Protein chains: 2
Amino acid sequence: MLARTLPDEDWTARQGEVLEAALGLLVEEGATLTTAGVARAASCSKETLYKWFGDRDGLLTAIVRWQAAKVKLPRIDRERLDAASLREGITSFARNLLGVLSSDTSVALNRLAISHGGTGLGAIVLENGRREMGRRLKPVLEAGRDAKLLRFDASETAFRTYFGLVVRDVQIRLLLGEDCRFGGAEIAADAERATDQFFALYGADEMQALPAEQNA
Amino acid sequence: MLARTLPDEDWTARQGEVLEAALGLLVEEGATLTTAGVARAASCSKETLYKWFGDRDGLLTAIVRWQAAKVKLPRIDRERLDAASLREGITSFARNLLGVLSSDTSVALNRLAISHGGTGLGAIVLENGRREMGRRLKPVLEAGRDAKLLRFDASETAFRTYFGLVVRDVQIRLLLGEDCRFGGAEIAADAERATDQFFALYGADEMQALPAEQNA
DNA sequence: GCCGAACCGTACGGTACGGTACGGTCGCGG
DNA sequence: CCGCGACCGTACCGTACCGTACGGTTCGGC
């Protein structure tokens, strides 16, 4: 397997510290992030910033990549797959997704990428966010299909439906500034609900036992 | 019926022209919109802009409200409700929603509101976008429930599920700059798929005839 | 025809920020 | 001890843009 399509850039420890400080500042200051502010927060000089990252855009790109490289959730293994483990794998994926999307860091990074038009930042976030999520879950879904536990034609379509059932309007509401921050309990309940609905739509016949209308 | 909860600010014809020009400029220039640019595009002076809207923020707010006041989709009437008309009402709502969300104007306005942190712009977009959509569809859903065609406890939850099934990851992908622009055919197909899935989840028993796994 | 209000076009001050240059400091190899 | 490279802090420059001021023009009322 290829390590990554992206050239997994390796920063030095000091550069990592700077990027970490920049990320923290981005979370609390939003898109009004300034190079002077980063230099101050990271106790480094602007000249060094420009020497390392070349450009303000380069710095922002590095921040996004830095965060993207950090979230390396363990892939779910497809061995030992029965109905219960499949369901738990899918549900835990949803919990994870909701937890990430509702984090301050994710909101700040998505805000940055969105406000930054089309300079590639959005593509990076898309590739390491939404796309990577699909890459994580699809093998599980396909294993479930192989085990006759799920029925679907295209795993991409099935994943997008699950994504919609899980996320619904949460991400856009967070991005638009509504503080519908919810804790672990609500996340777990939402993940359960979405999984119930997903199995009602894509489960093999014997899996569709649970009624779908148990709304939170 | 109350006209609107918002004080339906009435601009003069000339002010409407200016706002229209500003909206067009916002679509093609994005968040880098400048007052001088608006003045140039609208053939008016910056002084007039500040006289009318007070502030750059006031101008942006006026643009958002202006667009919000324009999209006055006809509410669906709940009379003469059988299975076919309910389904058509819901599906046409989904078509409408997808059409609006994928429009350049919607993308630009959402980008603006998102990049603009928490200065109320996001709240306005939320109120006139996502919230208004709920206000439109919920009566239809409740009428369907009264007619024993749908089953759910909270119409809000049912609506949010439908929202997720319709929109999925489309909006965030558009906001992040991916050009997954699709035409009327794809929109119609997506609306049909989402409606099938919605009836599979929330339809009364005799409505769940259609299989759910007909993926695009 | 005259006045005033509204508005257009433009020019200007203030400021914030991206990007650069320069002096000073630390650590290391010779 | 010397030189050197990396880096910090800061001062600085150019530019872009917000917000305002001013002269000129149009238009309705009298």
Side-chain angles (χ1 to χ4, degrees), chain A residues 9-66 108-109 111-121, chain B residues 9-66 108 111-113 115-121:
Chain A
E9 36 222 328
D10 42 359
W11 305 106
T12 69
R14 174 65 180 139
Q15 287 167 333
E17 290 175 24
V18 171
L19 287 175
E20 199 60 34
L23 186 58
L25 200 61
L26 172 68
V27 167
E28 68 186 25
E29 288 207 358
T32 69
L33 192 71
T34 155
T35 57
V38 172
R40 204 178 325 116
S43 293
C44 76
S45 74
K46 281 175 62 178
E47 187 172 14
T48 303
L49 286 184
Y50 283 93
K51 181 189 190 71
W52 285 345
F53 307 108
D55 202 349
R56 181 173 188 263
D57 257 35
L59 173 60
L60 298 180
T61 306
I63 294 174
V64 172
R65 292 192 130 96
W66 175 256
L109 284 176
R111 282 223 184 99
L112 175 67
I114 286 172
S115 69
H116 208 266
T119 336
L121 266 187
Chain B
E9 37 222 326
D10 40 1
W11 305 107
T12 70
R14 175 62 180 141
Q15 287 167 334
E17 289 176 23
V18 171
L19 287 175
E20 199 59 34
L23 186 59
L25 200 62
L26 173 67
V27 168
E28 68 186 27
E29 289 207 359
T32 68
L33 192 73
T34 154
T35 56
V38 172
R40 204 176 326 115
S43 294
C44 77
S45 74
K46 281 175 63 177
E47 188 173 13
T48 304
L49 286 184
Y50 282 93
K51 180 191 192 68
W52 285 347
F53 307 108
D55 202 349
R56 183 173 187 264
D57 257 36
L59 173 62
L60 297 180
T61 305
I63 295 174
V64 172
R65 290 196 130 96
W66 176 256
R111 281 220 184 101
L112 175 67
S115 69
H116 209 263
T119 335
L121 266 185

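Quick caveat, the model's predicted, so the values are computed rather than measured. What's counted below: heavy atoms across the whole structure, side chains too, no hydrogens, waters or symmetry copies. Letters A, B, ... mirror the listed sequences (proteins, then strands); counts begin at 1.
- For the pair Lys51(A) NZ and dC7(D) P, the interatomic distance rounds to 7 Å; values are reported in whole Å.
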As a quick check of understanding, evaluate side chain to side chain contact (heavy atoms under 4.5 Å, CB included) for Phe53(A) and Thr61(A), giving each step before the final call.
CA-CA 9 Å; Phe53(A) 307 108; Thr61(A) 306; over 6 Å; no
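- Each of dC7(D), dG9(C), dG19(D) was ranked by its minimum atom distance to the side chain of Ser43(B); first place goes to dG9(C).
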Assess the residue pair Asp57(B) and His116(B) against the criterion (side chain to side chain contact (heavy atoms under 4.5 Å, CB included)); give the C-alpha distance rounded to whole Å, side-chain angles, the decisive distance to 0.1 Å, and a yes or no.
CA-CA 10 Å; Asp57(B) 257 36; His116(B) 209 263; 3.2 Å; yes
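- Between Cys44(A) and Arg14(A) the shortest side-chain heavy-atom distance falls below 4.5 Å.
- You'll find the side chain of Tyr50(A) stays beyond 4.5 Å of the side chain of Leu59(A), heavy atoms only.
- For Asp57(A) and dG19(C), the CG to C1' distance is 13 Å, given to the nearest whole Å.
- Ala31(A) approaches Ser115(A) most closely through the heavy-atom pair CB-OG, 4.0 Å.
- Straight-line distance from the CG atom of Leu49(A) to the C1' atom of dA21(C): 16 Å, rounded to whole Å.
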Tabulated below should be each protein N or O lying under 3.5 Å from an N or O of nucleotides 20-26 of chain D; please produce it.
unit_1	atom_1	unit_2	atom_2	d
dC22(D)	N4	Glu47(B)	OE1	2.2

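- Between the CZ atom of Arg40(B) and the C1' atom of dA16(D) there is a distance of 12 Å, given to the nearest Å.
- Note that CG of Leu26(A) is 11.5 Å distant from CG of Leu19(A), once rounded to the nearest 0.5 Å.
- At the phosphate of dC7(D), OP1 or OP2 sits under 4.0 Å from a side-chain N or O atom of Trp52(A).
- Atoms CZ and CG, on Arg56(B) and Leu49(B) in that order, are 11.5 Å from each other to the nearest 0.5 Å.
- Partner of Leu33(B) under the side chain to side chain contact (heavy atoms under 4.5 Å, CB included) criterion, out of Val38(B), Leu112(B), Val27(B), Leu23(B): Val38(B) alone.
- Listed in residue order, the members of residues 21-38 of chain A having a heavy atom less than 4.0 Å from DNA chain C are Leu33(A), Thr34(A), Thr35(A).
- Residue Arg56(A) has no polar side-chain atom (N or O) positioned under 4.0 Å from OP1 or OP2 of dT20(C).
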Between the protein and nucleotides 24-27 of chain C, which nitrogen or oxygen pairs are less than 3.5 angstrom apart?
none

The test is side chain to side chain contact (heavy atoms under 4.5 Å, CB included); show your working for Leu121(A) and Ile114(A) and say whether it passes.
CA-CA 8 Å; Leu121(A) 266 187; Ile114(A) 286 172; over 6 Å; no
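- Taking atom NE2 of residue His116(A) and atom C1' of nucleotide dG18(C), one finds them 12 Å apart after rounding to whole Å.
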In sequence, state the C-alpha distance, the side-chain angles, and the governing distance for Thr12(A) and Gln15(A), and then conclude on side chain to side chain contact (heavy atoms under 4.5 Å, CB included).
CA-CA 5 Å; Thr12(A) 69; Gln15(A) 287 167 333; 3.3 Å; yes
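- Look at CH2 on Trp11(A): it is 17 Å from C1' on dC7(D), rounded to the nearest Å.
- The two residues Trp52(B) and Trp11(B) come nearest to each other via the heavy atoms O-CZ3, 4.5 Å.
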